Peer 1: 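Shown below is the structure under consideration.
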Amino acid sequence: MEEGQQVVMRFAPNPNGPPTLGSTRGIVVNSEYVKRYGGKFIIRFDDTDPQTKRPMLEAYDWYIDDCKWLGAEPDEVVIASDRIPIYYEYAKLLIEMGHAYVCFCNGAEFKKLKDSKQACPHRNTSPGENLEKWEKMLSGEYEEKTAVLRIKTDIQHKDPALRDFGAFRIIRTPHPRPEVDDKYCVWPLLDFEGAIEDHELGMTHIIRGKDLMDSEKRQGYIYSYLGWTYPKTTHWGRVKIHEFGKFSTSGLRHAIEEGEYSGWDDPRLPTLRALRRRGIMPEAIRKFMIDMGVGETDISISLDTLYAENRKIIDPKANRYFFVWDPVHIEIKGREHCIATPPLHPTEDRGNREIEAGPQLYICREDADKLTAGSKIRLKELCNIEITSLEPLQASYLDDSIGSVKKEKVKIIHWAPADGIPVTVLSPDGEFRGIGEKQIATELDNVVQFERFGFCRVDDVGKEIVAYYTHK
RNA sequence: GCUCCGAUAGUGUAGCACGGCCAAUCAUGCAGGACUCUCACUCCUGCGACUGGGGUUCGAAUCCCCAUCGGAGCACCA
């Protein structure tokens, strides 16, 4: 990238669902360049398809919200469906110049001709006549699918993808935005809308997916007809995330409607809202995306890298608590009531928590399963015990000293008091239910670490704790 | 079918536009160890790659060609 030049870049989603990890690359990478070089970051909603990829009203705010959360607050917000008249003007201009024509072929017919490098019968219509037909299109005289405005390129071009492409089509479905609704029945297609907007908004650079490489070549025709210079472009390859595989916004939407997921922030989903709810920090996501670079290679990446990034950020901040999943009751004979005071954090000096402990406790089943009568074990920050019975699980109190434990390398496990608070952890791999220490209730919205379990974000602290699993 | 793009360790990435400083960087992962009243954190050590074949050159990860593999476009989707 050049020195000392101000940059104008954009992120242009169709708000037909919330931002996902896929969209995030566009947000982070583009905004990062603007941060580094100075300039303007624009979010432009390419919401010009009221039908097939129908925008979702709530999603506009979701995008802006998630951009802010990611530290990529846009300097300007543009909504394409507000700017249809601009596109009409340029369409008219191009028709007058003889670079666009109204085509009445049906899709299959046109494709056949195009594939054999044949011009369709409408290609040679005079600008004047095209103008009339264009007006008719706009005034609603034609039915859906009967007419389309095409941009002339080179019908003989060796790359079929670049031969005369569609610029506007007729859609009678009203737009979901109430301010637009049924105002228009002629809608621009991406290559046209994007071409005009990128120029109108003064874009200097565009970084987007490789799938839009041909877009640049198609739009190049419009740019040269209008005497414009195309922004500098860079492309990135296809990204596949191991944990999520292939997904599409419409597919997710369907699954949510079917009740397969609890909503757009279901912890199993690759949406930003879900990751946020799980306690993934925006800085971690930014770093993850930036380290990925902008190579054209198709990549298949694991979330482990994101988790490692996130762990570095949250580990010093997350207070530690005991959460016993799949709990098993254990009785400690000879143990008085007392208050255990484990530190909130092992290395950061942040004080201690208090847990009232009596003879009745819970431990994890997976720990209990490893016990045999006579085994010695240390209850972390509490005391040492010796198992006396497995069914029911009982133990006798030995002592409190930690010294012997270290010397003898006795296994240390965590525990929860009998009167602890119920905890449910929602994770991508399912739910974990158990008992935790009551003080977890003071951590609403915070990411904590359940010792020997993993990091979680405390989502609700009513009668029971609901936490979303972050990662190990 | 036509067209376009890409290919460095398990994964991601640096290096490639201006060939030698690359027996190839960094991160993550994995293995071993230290530390630790967590299976977290931290620290140490180790593992591991230029897709293949030709060519150009004194010299190629870097340039050229072919092959293979991967991806994308050819929508009245974005």
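Order of the sequence lines sets the chain letters (A, B, ...), proteins ahead of strands, with each chain counted from 1. Every value quoted in this text rests on a predicted model; they were computed, and no experiment measured them.
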Peer 1: Which whole number of Å gives the distance between the P atom of B:C63 and that of B:U3?
Peer 2: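 Pairwise P distance, B:C63 against B:U3, rounds to 24 Å.
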
Peer 1: If you measure from the C1' atom in B:U62 to the same atom in B:A24, how many Å do you get, rounded?
Peer 2: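 Roughly 12 Å separates the two C1' atoms.
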
Peer 1: Once you apply a heavy-atom cut-off of 4.0 Å, does A:Phe110 come out as touching a base, just sugar-phosphate, or nothing?
Peer 2: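 If one applies the 4.0 Å heavy-atom cut-off, A:Phe110 turns out to touch nothing in the nucleic acid.
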
Peer 1: One thing to verify: whether A:Asp49 and A:Lys53 come together as a salt bridge, which I'm taking to mean a side-chain N less than 4.0 angstrom from a carboxylate O.
Peer 2: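 Answer for the salt bridge query: no.
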
Peer 1: If I take atom NZ in residue A:Lys111 and atom P in nucleotide B:C2, what distance separates them, rounded to the nearest angstrom?
Peer 2: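 Distance check: A:Lys111 NZ to B:C2 P gives 13 Å.
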
Peer 1: Whole angstroms only, please: what is the CD-P distance between A:Glu381 and B:U36?
Peer 2: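 Going from CD in A:Glu381 over to P in B:U36 covers 14 Å.
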
Peer 1: Taking the nucleotide of RNA chain B with the closest heavy atom to each, which residue, A:His157 or A:Arg25, is nearer the 5' end?
Peer 2: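 It is A:His157, whose closest nucleotide lies nearer the 5' terminus.
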
Peer 1: Which label fits B:A27, syn or anti, where anti is any glycosidic angle not within 90° of 0?
Peer 2: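 With its glycosidic angle more than 90° from zero, B:A27 counts as anti.
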
Peer 1: Verify whether the ring centers belonging to A:Trp187 and A:Tyr87 lie closer than 6.0 Å.
Peer 2: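 Judged by ring-centre distance (under 6.0 Å), A:Trp187 and A:Tyr87 do not meet the cut-off.
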
Peer 1: So, A:Arg218 and A:Asp191, do they make that salt bridge, N to O below 4.0 Å?
Peer 2: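 Yes, charged N to carboxylate O under 4.0 Å.
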
Peer 1: Without decimals, in angstroms, what is the distance between A:Ile151 CD1 and B:C76 C1'?
Peer 2: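 From A:Ile151 CD1 to B:C76 C1': 14 Å.
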
Peer 1: Looking at every strand, decide which applies to A:Arg54 at a 4.0 Å heavy-atom threshold: base, sugar-phosphate, or nothing.
Peer 2: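 Nothing, no heavy atom under 4.0 Å.
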
Peer 1: To the nearest Å, give me how far apart NE2 (A:His345) and P (B:C37) are.
Peer 2: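 Rounding to the nearest Å, NE2 of A:His345 and P of B:C37 are 15 Å apart.
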
Peer 1: Listed by chain and number, what are the ring-ring contact (aromatic ring centres under 6.0 Å, His included) partners of A:Tyr101, not counting sequence neighbours?
Peer 2: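 For A:Tyr101 there are no ring-ring contact (aromatic ring centres under 6.0 Å, His included) partners, ignoring immediate neighbours.
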
Peer 1: What I want to find out is whether A:Asp82 reaches A:Arg177 closely enough, with some N-O distance under 4.0 Å, to be called a salt bridge.
Peer 2: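 Judged by the 4.0 Å cut-off on N to carboxylate O distance, A:Asp82 and A:Arg177 do form a salt bridge.
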
Peer 1: Is there a side-chain polar atom (N or O) of A:Lys158 under 4.0 Å from OP1 or OP2 of B:C4?
Peer 2: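 It does, given that an N or O in the side chain of A:Lys158 lies less than 4.0 Å from OP1 or OP2 of B:C4.
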
Peer 1: Within the pair A:Lys114 and B:A75, is there a side-chain N or O less than 4.0 Å away from OP1 or OP2?
Peer 2: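 Result: yes.
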
Peer 1: Could you spell out the base pairing of RNA chain B in dot-bracket, with Watson-Crick or G-U pairs whose two distances are under 3.5 Å, [ ] crossing and | to another strand?
Peer 2: (((((((..(((.......[.....)))((((((.......))))))...(((((..]....))))))))))))....

Peer 1: List the steps, then state whether side chain to side chain donor-acceptor pair (under 3.5 Å) holds for A:Tyr321 with A:Glu443.
Peer 2: CA-CA 10 Å; A:Tyr321 293 97; A:Glu443 296 273 6; 2.6 Å; yes

Peer 1: Which nucleotide in the list B:A78, B:G29, B:C76 gets nearest to the side chain of A:Asp46?
Peer 2: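 The closest nucleotide is B:A78.
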
Peer 1: Just to confirm, is there a sub-4.0 Å distance from OP1 or OP2 of B:C76 to any side-chain nitrogen or oxygen of A:Thr146?
Peer 2: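 The answer is no; no side-chain N or O of A:Thr146 sits under 4.0 Å from OP1 or OP2.
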
Peer 1: Starting at NZ of A:Lys210 and ending at C1' of B:G73, how long is that distance when rounded to a whole Å?
Peer 2: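 Computing the A:Lys210:NZ to B:G73:C1' distance gives 11 Å.
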
Peer 1: I want to verify a distance call: between B:G29, B:U3, B:C41, whose nearest atom is closest to the A:Asp159 side chain?
Peer 2: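 Of B:G29, B:U3, B:C41, B:U3 is nearest to the side chain of A:Asp159.
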
Peer 1: Could you check which of B:C74, B:A40, B:U36 has an atom nearest any side-chain atom of A:Ala161?
Peer 2: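 Between B:C74, B:A40, B:U36, the one nearest the side chain of A:Ala161 would be B:C74.
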
Peer 1: Counting any heavy atom closer than 4.0 Å, what does A:Ile413 reach on the DNA or RNA strands: base, sugar-phosphate only, or nothing?
Peer 2: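 The residue A:Ile413 makes no contact with any strand.
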
Peer 1: Measuring only the C1' atom in each nucleotide, how far is B:C22 from B:A49? A whole number of Å is fine.
Peer 2: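 One C1' to the other, the span is 12 Å.
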
Peer 1: Determine the interatomic distance between C1' on B:C65 and the same-named atom on B:U57; round to the nearest Å.
Peer 2: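 16 Å, rounded to whole Å.
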
Peer 1: Can you identify which nucleotide, out of B:C74, B:G70, B:C39, has its nearest atom closest to the A:Pro160 side chain?
Peer 2: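 So the side chain of A:Pro160 is nearest to B:C74.
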
Peer 1: Determine, for A:Arg278 against A:Asp459, whether the closest basic-nitrogen to carboxylate-oxygen distance falls under 4.0 angstrom.
Peer 2: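 Salt bridge between A:Arg278 and A:Asp459, a charged N being under 4.0 Å from a carboxylate O: no.
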
Peer 1: Would you say B:C77 has OP1 or OP2 under 4.0 Å from some side-chain N or O of A:Arg169?
Peer 2: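 Checking A:Arg169 against B:C77: at least one side-chain N or O falls below 4.0 Å of OP1 or OP2.
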
Peer 1: If you look at every strand shown and take non-hydrogen atoms under 4.0 Å, does A:Arg320 touch a base, only sugar-phosphate, or nothing?
Peer 2: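 Since a base atom lies under 4.0 Å of A:Arg320, the category is base.
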
Peer 1: Check for me whether the distance between the ring centres of A:Trp415 and A:Tyr362 falls short of 6.0 Å.
Peer 2: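 No, too far apart.
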
Peer 1: Distance check: side-chain N/O of A:Lys312 vs OP1/OP2 of B:U28, anything under 4.0 Å?
Peer 2: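 For A:Lys312, the contact criterion (side-chain N or O under 4.0 Å from OP1 or OP2 of B:U28) is met.
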
Peer 1: Counting only side-chain nitrogens and oxygens, does A:Arg150 get under 4.0 Å of the OP1 or OP2 atom of B:C76?
Peer 2: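 Yes, A:Arg150 has a side-chain N/O under 4.0 Å of OP1/OP2 on B:C76.
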
Peer 1: Please give, in whole Å, the distance from B:A78 P to A:Leu190 CG?
Peer 2: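 Those two atoms, CG and P, are 6 Å apart.
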
Peer 1: Under 4.0 angstrom, heavy atoms only, what part of the nucleic acid is A:Glu296 near: base, sugar-phosphate, or nothing?
Peer 2: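 Contact class for A:Glu296: sugar-phosphate only.
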
Peer 1: Report which part of the nucleic acid A:Cys383 touches: base, sugar-phosphate, or nothing (heavy-atom distance under 4.0 Å, all strands).
Peer 2: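 Nothing, no heavy atom under 4.0 Å.
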
Peer 1: So what does A:Asn16 touch, heavy atoms closer than 4.0 Å: a base, only the sugar-phosphate, or nothing?
Peer 2: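 Answer is nothing: A:Asn16 stays at 4.0 Å or more from every strand.
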
Peer 1: Please report the distance, rounded to the nearest Å, between CZ in A:Arg163 and C1' in B:G73.
Peer 2: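 Those two atoms, CZ and C1', are 12 Å apart.
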
Peer 1: When you check the phosphate oxygens OP1 and OP2 of B:A72, does a side-chain N or O of A:Arg238 lie under 4.0 Å from one of them?
Peer 2: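 So the side chain of A:Arg238 is within the cut-off, an N or O lying under 4.0 Å from OP1 or OP2 of B:A72.
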
Peer 1: Count the heavy atoms belonging to other residues, nucleotides or ligands that lie under 6.0 Å from NE2 of A:His242, then report whether that count exceeds 12.
Peer 2: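 Check passes, neighbour count above 12.
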
Peer 1: Would you indicate what A:Ser300 reaches in the nucleic acid, counting non-hydrogen atoms under 4.0 angstrom: base, sugar-phosphate, or nothing?
Peer 2: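 Contact class for A:Ser300: sugar-phosphate only.
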
Peer 1: In whole Å, what separates the C1' atom of B:A27 from that of B:C39?
Peer 2: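 The answer is 23 Å between these two C1' atoms.
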
Peer 1: Hey, could you give me the CD/CD1 distance between A:Gln219 and A:Ile222, rounded to the nearest 0.5 Å?
Peer 2: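 Going from the CD atom of A:Gln219 to the CD1 atom of A:Ile222 covers 6.5 Å.
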
Peer 1: Select one nucleotide: of B:G12, B:C41, B:C77, the one nearest the side-chain heavy atoms of A:Arg311.
Peer 2: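 My answer, after comparing the listed nucleotides, is B:C41.
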
Peer 1: From the set B:G12, B:U36, B:G71, return the single nucleotide nearest to any side-chain atom of A:Met292.
Peer 2: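 Ranking B:G12, B:U36, B:G71 by closest atom to the A:Met292 side chain puts B:G12 first.
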
Peer 1: Choose from B:A40, B:C77, B:U13 the nucleotide whose nearest atom is closest to any side-chain atom of A:Asp49.
Peer 2: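 For the A:Asp49 side chain, the nearest candidate turns out to be B:C77.
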
Peer 1: Counting side-chain heavy atoms from CB outward, which of B:C76, B:A7, B:C37 is closest to A:Thr297?
Peer 2: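 The nucleotide sitting nearest to the side chain is B:A7.
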
Peer 1: Answer yes or no: side-chain N or O of A:Glu309 and base N or O of B:U28 forming a donor-acceptor pair under 3.5 Å.
Peer 2: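 Between B:U28 and A:Glu309, which were checked side chain against base, a qualifying N/O pair under 3.5 Å is absent.
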
Peer 1: Does A:Asp291 reach a base, just sugar-phosphate, or nothing at all? Heavy atoms under 4.0 Å.
Peer 2: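 Sugar-phosphate, backbone atoms only, no base.
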
Peer 1: For the side chain of A:Asp298, counting heavy atoms from C-beta on, which of B:G70, B:U36, B:C74 is nearest?
Peer 2: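 Comparing B:G70, B:U36, B:C74 against the side chain of A:Asp298, the answer is B:G70.
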
Peer 1: With a 3.5 Å cut-off and heavy atoms only, can you find an N or O donor on one side and an acceptor on the other between the side chain of A:Lys380 and the base of B:C37?
Peer 2: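 Between B:C37 and A:Lys380, which were checked side chain against base, a qualifying N/O pair under 3.5 Å is absent.
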
Peer 1: Which of the following nucleotides, B:U28, B:C77, B:A40, is nearest to the side chain of A:Gln449?
Peer 2: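 Out of B:U28, B:C77, B:A40, the nucleotide with an atom closest to A:Gln449's side chain is B:A40.
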
Peer 1: For a quick check of understanding: with a heavy-atom distance under 4.0 Å over all strands, which category does A:Ile402 fall into, base, sugar-phosphate or nothing?
Peer 2: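 Answer is base: heavy atoms of A:Ile402 come under 4.0 Å of a base.
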
Peer 1: Under the criterion salt bridge (Lys or Arg N to Asp or Glu O under 4.0 Å), I'd like the reasoning laid out for A:Arg44 against A:Glu197: C-alpha separation, chi angles, the key distance, then a yes or no.
Peer 2: CA-CA 9 Å; A:Arg44 184 183 77 220; A:Glu197 284 297 1; 5.4 Å; no

Peer 1: Please state how far atom CG in A:Asp191 lies from atom P in B:C74, giving the value in whole angstrom units.
Peer 2: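 Rounded to whole Å, this separation is 9 Å.
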
Peer 1: Please determine whether any donor N or O and acceptor N or O are separated by less than 3.5 Å between the side chain of A:Arg452 and the base of B:A40.
Peer 2: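 Result: no qualifying N/O pair found.
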
Peer 1: Mapping A:Thr305 and A:Asp214 onto RNA chain B by nearest heavy atom, which one lands closer to the 5' end?
Peer 2: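 On the 5' side of the pair lies A:Thr305.
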
Peer 1: Is the shortest side-chain N to carboxylate O distance from A:Glu451 to A:Lys380 below 4.0 Å?
Peer 2: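 Looking at A:Lys380 together with A:Glu451, the answer is yes, because their closest N to O distance falls below 4.0 Å.
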
